[in-house]
Protein chains: 2
Amino acid sequence: MTLKDIASNLGIDASTVSRALDPEKSHLVREDTALRVREAAKRLGYRGDRVAGALRRGVTGTIGVIVADLANPFIAPVIHGIAQSLAKEQMLPMVVETNDDPAELESSVDHLLSRRVDAVICAGARFTNQEVLEEAARHTPLLVAVRGLPNSGLTQVLHDDYSGGAMAARHLLELGHTRIAELRGPADVGNFVARHQGFRDECEHHGADLIQLPEQGDRPIREEGERLAQMLLERHGGDLPTAIFAHNDLMAVGALTVLRRSEVSCPTDVSIAGYNDSPMIDQIDPPLTSVAYPGIEIGRAAGAVALELIKDPDGCPAGEVFPPQLRVRRSTRRK
Amino acid sequence: MTLKDIASNLGIDASTVSRALDPEKSHLVREDTALRVREAAKRLGYRGDRVAGALRRGVTGTIGVIVADLANPFIAPVIHGIAQSLAKEQMLPMVVETNDDPAELESSVDHLLSRRVDAVICAGARFTNQEVLEEAARHTPLLVAVRGLPNSGLTQVLHDDYSGGAMAARHLLELGHTRIAELRGPADVGNFVARHQGFRDECEHHGADLIQLPEQGDRPIREEGERLAQMLLERHGGDLPTAIFAHNDLMAVGALTVLRRSEVSCPTDVSIAGYNDSPMIDQIDPPLTSVAYPGIEIGRAAGAVALELIKDPDGCPAGEVFPPQLRVRRSTRRK
DNA sequence: CTGTTAGCGCCTTCAG
DNA sequence: CTGAAGGCGCTAACAG
């Protein structure tokens, strides 16, 4: 069922059918012809072929969205926000997951570009990927969201992770903690670097004793939170810090699991703060203090910037940075 | 940068270039020509155009995946599983979210079909959508996953929600509970209907007193869990049931929030069981007893069935049903 | 082994 | 207002 079929059914030309069916062009067609065409299209169950349209027009109406891990709950609102922005222009996000693996990210970019997406939103970058992304940006509108690339000229829509980290530190310091450990996310991911810097700067500024582990999490997931917490117990079990800042809620939950197993109580023995204010995190035991991540706003902004970038590929939209907000709960308390 | 550009750069024909670059066809080309072509392709930064390829071949290498709500954590493993199965054939899932709105589902189907996806996996069906999906299945390989349509001939990859519901009931009955309430998910979604039936049948079989609320959740989300729990308190506050089965973990968490606010303690006053065994649900207060949902297996199977359906569009793959597993934790206890 | 030819379905000139 | 013609980039069939 193609334009041609409708055309021959009506004894007119396919181009007329095309015009009649395109809201932008239907004014070029006599009212009653347009009516007959629409009737026939419905009658014959016509459904336009956007593949062919894309080839002809050179735009697909699709935006590629790269995320590291769909199972991390903070990403759903981001995708949601992107989809909301795109819906206005009848565009659809095509979401691909990289499992936080740089090689997979590279092949995802490749895949998306060969599918001629109109733009790419990369919400799962590692520093390793910077070159690949910059190269891709030469061919297609591309922006970086969520996970920033500090030394890149790419347009970025980010959250102020530095302030978020500082905020977490300030909170713990105000509660009187002076020996504090950090469970860090991957060292080649923008958010975690910024969270770390903000946290560390604030701690140093107040002369707190910041306990460093020799490793970061390979991925910001629960299992890595467990591993690092275990390491903390092994190295500093005799003289535990009184507070822990986990770089995200998943890692915080991992830490809680391990500490509980070792009969270290939170918040009695140690306070824990997380990041993202994930859904349900207010119901865990104990309800977790966490820095809220404005996922939906980030998503909406990223979608909007992508649309701008498509309209003016050489424009360099400002990018945006959204502020954090601290949600204090019972997992942190006065020392 | 097209095949033609490479061809003219090398003084050969585009079709030769096409063959050289297609692993399936490159054996038709002389070794050294193929080599020269690959070298030129790399040198010139050629990247195949899958839009054009799709138009010519009639397949896009894309499978549409419809989900109700990305924020429901149980869906991530399903998508993951689908992506895993598709990766073997170099296919990519295109995920769209309907916000659990039947109208949005309809337009999503339309969108996906006009993009000529090779198949559709609908993991977010409501009963209302049955006709639309059956109609779509006449044009494109389509299967229903996760949320079944009991009266449909469509291929389905499901979880055995009936047994899961029965399992939850049996657990509560074995603990000695005889007054039990159910917080039901939407009445037009297969899973929740089956969970309800399994649960109810088992309760009736053992002569338990099953307390019915006059409403179900409009959507299986935390807020609806709160609303229904509130309703339960208002109607049966004087004589609360001693156990509650929430149709999923999000609703269970909503119920916990409301009960805690009213100083009804779980599990002392009331036991609560949920469904899905969501990540982190073992860390909430109290750790939630839940029926595990085999999301990744469902996803893998759905992906595999989709591929079968593409290979043989008139075949009618059997579909599959995966069993539930109960994870007992501290939110349920002997009466 | 390689080139030629002919579209896939659509949309956009350019003529009428 | 409508039709005819051409081509987006690729690949399959057919000839050499």
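Lettering of chains follows the sequences in order, A, B, ..., and the numbering in each one begins at 1.
Here the P atom of nucleotide dG9(D) and the CD1 atom of I6(B) are 13 Å apart, to the nearest Å. Counting to the nearest Å, the P atom of dT11(D) and the CG atom of D13(B) are 13 Å from each other. One atom, CG of L55(B), and another, C1' of dG7(D), lie 12 Å apart when rounded to the nearest Å. Rounding to whole angstrom units, CE of residue M1(B) and P of dC10(D) are separated by 10 Å. Between K4(B) atom NZ and dC10(D) atom C1' the separation is 11 Å, expressed in whole Å. In this structure, D118(A) atom CG and dC8(D) atom P are separated by 19 Å, rounded to whole Å. In this structure, the NZ atom of K25(A) is 8 Å from the P atom of dC11(C), given to the nearest Å. Going from atom CG of D5(B) over to atom C1' of dC10(D) covers 13 Å, rounded to whole Å.
In this model, the phosphate group of dC10(D) is approached by a side-chain N or O of Y46(B) to a distance below 4.0 Å at OP1 or OP2. Regarding contacts with the backbone of dC11(C), every side-chain N or O of S15(A) stays at 4.0 angstrom or more from both OP1 and OP2.
Of the candidates dG9(C), dC11(C), dT2(C), the closest approach to any side-chain atom of R30(B) belongs to dT2(C). If you check dC10(D), dT2(D), dG3(C) against the side chain of A52(B), the one that comes closest is dC10(D). Side chain of T33(B), nearest nucleotide from dT2(D), dG9(C), dT2(C): dT2(C). Distances from the side chain of L3(A) to the nucleotides dC10(C), dG3(D), dA12(D) place dC10(C) closest. Closest contact between the side chain of S18(B) and the listed nucleotides dT2(C), dT12(C), dT11(D) involves dT11(D). Comparing dC10(C), dG3(D), dC10(D) by their nearest atom to the side chain of R56(B) picks out dC10(D). If you check dC8(D), dC11(C), dT2(C) against the side chain of R57(A), the one that comes closest is dC11(C).
Salt bridge annotation for E39(B)-R36(B): absent, with no cationic side-chain nitrogen under 4.0 angstrom from a carboxylate oxygen. The existence of a salt bridge linking R138(A) and E135(A) is confirmed by a sub-4.0 Å separation between a basic side-chain nitrogen and an acidic carboxylate oxygen.
Ring geometry, Y293(B) versus F74(B): the interplanar angle exceeds 60°, so the pair is classed perpendicular (tilted spans 30 to 60°).
For T62(B) and R50(B), the side-chain atoms include no donor-acceptor pair closer than 3.5 Å.
Note that CG of D101(B) is 10.0 Å distant from CD of E106(B), once rounded to the nearest 0.5 Å.
In this structure, R19(A) reaches the bases: a heavy-atom distance under 4.0 Å links it to at least one base atom across the strands shown.
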